[in-house]
Protein chains: 2
Amino acid sequence: MKRKVYVQGTRPDIRVPFAEVELSGGNPPVRLYDTSGPLNDPPAGLPAMRAPWIAERGCPENQPRTQLHYARRGIVTPEMEFVAIREGVDAALVRDEIAAGRAILPNNVNHPESEPMIIGSRFLVKVNANIGTSAVTSGVEEEVAKLTWATKWGADTVMDLSTGKHIHATREAIIRNSPVPIGTVPLYQALEKVDGDPVKLSWEVYRDTIVEQAEQGVDYMTVHAGVLLRYVPMTAERVTGIVSRGGSIMAAWCLAHHEENFLYTNFAELCAIFARYDVSFSLGDGLRPGSIADANDQAQLAELRTLGELTRIAWDHDVQVMIEGPGHVPMHKIKENVDLQREWCHEAPFYTLGPLTTDVAPAYDHITSAIGAAMIAMYGTAMLCYVTPKEHLGLPDRDDVKAGVIAYKIAAHAADLAKGHPGAQEWDDALSKARFEFRWEDQFNLAMDPDTARSYHDETLPAAPAKTAHFCSMCGPKFCSMRISHEIGLRQKSREFIESGAQLYS
Amino acid sequence: MKRKVYVQGTRPDIRVPFAEVELSGGNPPVRLYDTSGPLNDPPAGLPAMRAPWIAERGCPENQPRTQLHYARRGIVTPEMEFVAIREGVDAALVRDEIAAGRAILPNNVNHPESEPMIIGSRFLVKVNANIGTSAVTSGVEEEVAKLTWATKWGADTVMDLSTGKHIHATREAIIRNSPVPIGTVPLYQALEKVDGDPVKLSWEVYRDTIVEQAEQGVDYMTVHAGVLLRYVPMTAERVTGIVSRGGSIMAAWCLAHHEENFLYTNFAELCAIFARYDVSFSLGDGLRPGSIADANDQAQLAELRTLGELTRIAWDHDVQVMIEGPGHVPMHKIKENVDLQREWCHEAPFYTLGPLTTDVAPAYDHITSAIGAAMIAMYGTAMLCYVTPKEHLGLPDRDDVKAGVIAYKIAAHAADLAKGHPGAQEWDDALSKARFEFRWEDQFNLAMDPDTARSYHDETLPAAPAKTAHFCSMCGPKFCSMRISHEIGLRQKSREFIESGAQLYS
C-alpha cells in the first residue's frame, strides 16, 4: 500500500509530505518524493499553508520579498527548511545554492497554497507539465483536472499556457488548486488584449498583464527578453524558422516596429515588479531550434548570451532566475548546450524542453525527447519541461498528460541515478529486491505507475495466485531465470563451491 | 504516399527494397530503409531470393560457407552488394568490415528467403524484436503475425524465443515467412528435450538441437558459453542474481555437476557446425545485470572477457560473431560497457538489450530502456534488442511489439544522427520542412508511424481542411509560431533589415 505521511520540521506548521510504500516480508517501507498535494476532490481550493510564513516576514515597502533576498542574508526560511527535508539534504545547502543563484525556490507570496520545491542541479531533477486551453479546444474544469492529474503522477511544476478566452479565470482556478508552483507565459494574455495582433503589443499592456498575474500568484513567468532585433535575421534561413510562440510574437513586433524588444529595454522595471511578489524569471529561449537541422545555431547561441546578461540584472534586483533551453537537438550536441548555458548564464539553473533527439517520430515525441531529457539532465539541467505524444499534432488530453509526465519522471530519475543523488538508488533497489523475491504486490506498489504495471500483469495472468507465483507469463514457470536462481540455491551452492576450493571435478 | 521501390545492383536478381515517400509541392521523394519484405498476406512462405547466390558458391565439403570466409578472400558476395546498396555505402566497406570482424551479415544458407542486412558500428544501428510462444500463452499463427508486424514497423532481425510446445513448428513457420534474419536461443529447445530439468542437459542434446536449428535456417544463435563455473559465485550477493534465462540454466548445470560449462568446453565443435551453415554467434551475456545495483559488476565483466576469448576461436573458424550486452545500467555506466566490449572483444559488433536506465518503471520499460539504447548505440553498439512495455510483467502482444519496435527505431535513428551516419539527417530535414510548410499529409507519411500521427491530429481537428490548415489544435491559429514566422515574412523582412544596415529606429 502507498499512503501519504508527513515529516515535521522545526516548527509544527512545517509538514513535508512523502508517499510511503509499505512492503511485505519484513522489508522496511520506502518513502518517495510526493507532489500530489492535499488532493481535494472535487477541487475547491487548497489551504494557504505558507500564509503564516509570508506574514511573519512582513511586507516592507519597496523591499524585495524573494527567497534569494533572504538566502543572501543567511536566512533559512521555512520554505527552505521544507525543501531540505523534502530533498533529504541540509538546509544550509538549500540556502547557499539559492544565494549563489544556482537554484531557485519559485513561490509567489500570493500563492500560499504551494508546497515549496527547489530547482537546481544539486537537487533532484524536476519535471514541468504544460497544460492550458487553446482557442480551438478545452475548458476551465478540464484544465484543473489536468493539473491534479499531472501532480498525481509527479509533475513538480505546472505551466498554464492558456490562450483564447477565459485566460484569467482558468489561471485563477489552477493557482487556487495547485500544490506546485505555477508558471505562465504572460505574453499570451497580453496578445489577447490586443486582439491577437503582435504589432499592437506595447510595454504598457505587457506590464499590466505581469502585475495582474503576479497578483494572482503566478510563481514563475517565461519572458522572451533575449529575442533581440538583430538576432531575428539569423533565423531566416533555418529549416523551421522560429518555433517558440513567444519568440515569434516578439520577432514580429521587433521587425514591424524596427525597434528593440520592449522586454529587453524595460527589463529592470520587470525585475522590480518580480521582486515585490517573488516571481521567478524563466528566461525564455524564443529562438530555440525546432528541428535537428537548426540545433545549436547562431541565433540560439546569440540569445543564450543575452540571457546571461539579463540574469545578472535580475540578480541585482534579488530576483530568482532560471534559463530555458531547447528544443530539438541531436544527442551529440546536447552537452554543448549545458556547458555553454552554465558558463554564459553564471550557473543559473537550466530548464529545457526535451530536447527531442530526432524529428521523425511525431506521436512519439514523449520518447524522442525523454532520451534527450535524460541526457541533458545528467549533464546538469535542473528541470525538464515535458513533451507529450500529441506534440506537433494537437492539444494533449488527460492520457497524453500522464504519458508525458511518466516519460519525464523516468528521464529525471535516470538522471538522478547517473548524478549519484543521495538516496535515489534506494527506490530501484527496493523494487528490484521485490522483483527477485516475487513480491508482486510490492513491485506494483513501488512502480512509478502501479495501476498500469498491475493491469499488464493481469492481462495474461489475472488470477490472484499469480500475484504470488514465482514466474510470470513472459517466460512461464520453467524458464524463469529468477526462479531458477532460487531453486538452485544460488547463494548456498556458490558458497559451498568456494569453500571447497573452487575446484572443477573434471 | 509511401510505396515500395527496388534498386537493382550489378545483376538483375539483386533488387534492394526501399520505402519511397512521395511528397507534395514539388519536393523530391524520400527513400527510407525498408525491412517489411514482400509482405505475403496470408503468410504462405516467401520466395527464396538468395537461393541462386548460395548455389553458385557451391557446397564444398568441410569448407566454411560464411560471409566472413568470402570477405577475407576479398570477395564481394551478392549479399554484400545488396547490403551496400541498402546502406548507401561502398561494397568494399561492407566486405572490409566483415573481414575485420567489425560487422556481421547473418544469413544462414538455409534461409534463402532473407534480405541481407549488416550489423556493425559503421552502419545504420539495427533493432531486434523478440517474439515467441511461452508455456503459458500464445500460438504459432499469432507468432507469425507478430513477425510480420514487427518487420512492418522496422525490426531488422527477429528472435524466436519460443519455449513450451511446438518449438520446431513455430520456428519453421517463422523462418519460411521472414525477410529478416532469425535468431534463437537453442538452449530453450534443448531444455524442453530433457523435460525442463537443467541438470539433465548434455552436450549431445545441445549439439543435436543446434544442427536441427541450423538445418532449418536460423541465422544467428545465442550461445551462453561464457558462463563459467567460477563466475557463478560472483553473482551470489547480487540484488537480482542471474536474470538471463540461458545464464541461469547453465549456472544450474555447472553448479549441479561441478563441471565447466559444456558450451565452453565444446566451443570449437560448435564453430565447425556454425561454419557449414553460416550461422553467426550471438555470444550471450548470461551474467548480465538485472538491476541498477548489479550493473558493471565483477560477474558481468568476467564473462565479457571470456566472450572476447571465444570471439577469437570463432574467427579462427571463419564464423561471424556478435557480443550480447546488458541489461540494466545507469546512464553514467553505459559508456564503460561499450569501451570494454570493444577492447576485450576485438571490435566484434555489440548487441545490447536496452539497457534500462532505471528499475522503477515496469510497464514503461520500452522508455526506460530506449534512453539507454540510444546512448549505447551512440557510443558504438551495432544492434539493439528491443524491450516492450510488458517486460517483467508478461508476454508481449501485438500492441506491445509495435510499441517496442517504434521506441527502438527512435533510439537507433537518434544514434544514427549522433554518429553522423551519411544520409540519416535527410529524413529529419524532409519531415521538418514539411512541418514548417504545413504539408500535413507529407508530415504524416514521413513519420515513423503515419497511422498514429494522423489519428492524433484527427482527434482534435478531424475535418479535411485541417490537413491543409496553417495551425493545429495545440496552439490554435493565433499562437502558431510557424504561421507567424510565415506571416511576418521572416525571410523577406530579415533581408530588408540587414540590407538597411541593421539599424534600430529608436
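Everything numeric here is computed off the predicted structure, so don't read it as measured data. Each chain gets a letter, A, B and so on, in the order the sequences are listed, and its residues count up from 1.
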Side chain, backbone, both or neither: which part of [X] has an atom under 4.5 Å from a heavy atom of chain B?
X: A:Ile334; result: neither
X: A:Arg238; result: backbone
X: A:Glu237; result: both
X: A:Met375; result: both
X: A:Ser244; result: backbone
X: A:Ile406; result: side chain
X: A:Glu391; result: both
X: A:Ala415; result: both
X: A:Phe444; result: side chain
X: A:His328; result: side chain
X: A:Leu393; result: both
X: A:Asp397; result: side chain

Notebook entry, point to check: Of the non-hydrogen atoms in B:Asp428 and A:Asp359, which two are nearest, and what is the gap between them?
Noted result: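 Residues B:Asp428 and A:Asp359, closest heavy atoms: OD2-N, 2.7 Å.
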
Item checked: Nearest atoms (heavy-atom pairs only) where A:Thr452 meets B:Tyr364 -> OG1-OH, 3.7 Å

Picking from [options], which has the most non-hydrogen pairs under 4.5 angstrom with chain A?
options: B:Ala453, B:Ala424, B:Ala293, B:Gly394; answer: B:Gly394
options: B:Arg483, B:His457, B:Arg435, B:Glu459; answer: B:Arg435
options: B:His486, B:Met448, B:Met234, B:Met331; answer: B:Met331
options: B:Asp449, B:Val199, B:Asp294; answer: B:Asp449
options: B:Val360, B:Thr235, B:Ile371; answer: B:Val360

Look up atom [atom1] in [X] and atom [atom2] in [Y], then write down how far apart they are to the nearest 0.5 Å.
X: B:Trp427; Y: A:Ile292; atom1: CH2; atom2: CD1; answer: 12.5 Å
X: A:His413; Y: B:Thr368; atom1: NE2; atom2: OG1; answer: 10.5 Å
X: A:His332; Y: B:Leu417; atom1: NE2; atom2: CG; answer: 8.0 Å

Between [options], who has the most heavy-atom pairs with chain B when the cutoff is under 4.5 Å?
options: A:Pro330, A:Gly241, A:Pro362, A:Ser291; result: A:Pro362
options: A:Met378, A:Lys433, A:Lys419; result: A:Met378
options: A:Lys390, A:Met482, A:His392; result: A:His392
options: A:Asp416, A:Thr265, A:Ile410, A:Asp197; result: A:Ile410
options: A:Ala447, A:Ala418, A:Ala374; result: A:Ala418
options: A:Leu446, A:Leu255, A:Leu161; result: A:Leu255

Check: Quick one: what part of B:Pro389 sits under 4.5 Å from any heavy atom of chain A, side chain, backbone, both or neither?
Finding: both

Check: B:Leu191 versus chain A, heavy atoms under 4.5 Å apart: side chain, backbone, both or neither?
Finding: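 For B:Leu191, side-chain heavy atoms alone lie under 4.5 Å from chain A.
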
Check: Has the side chain of A:Ser485 got a donor or acceptor atom that lies under 3.5 Å from a matching backbone atom of B:Ile242?
Finding: yes

Checklist line | Donor-acceptor contact present, side-chain A:Thr358 to main-chain B:Ala414, <3.5 Å | finding: no

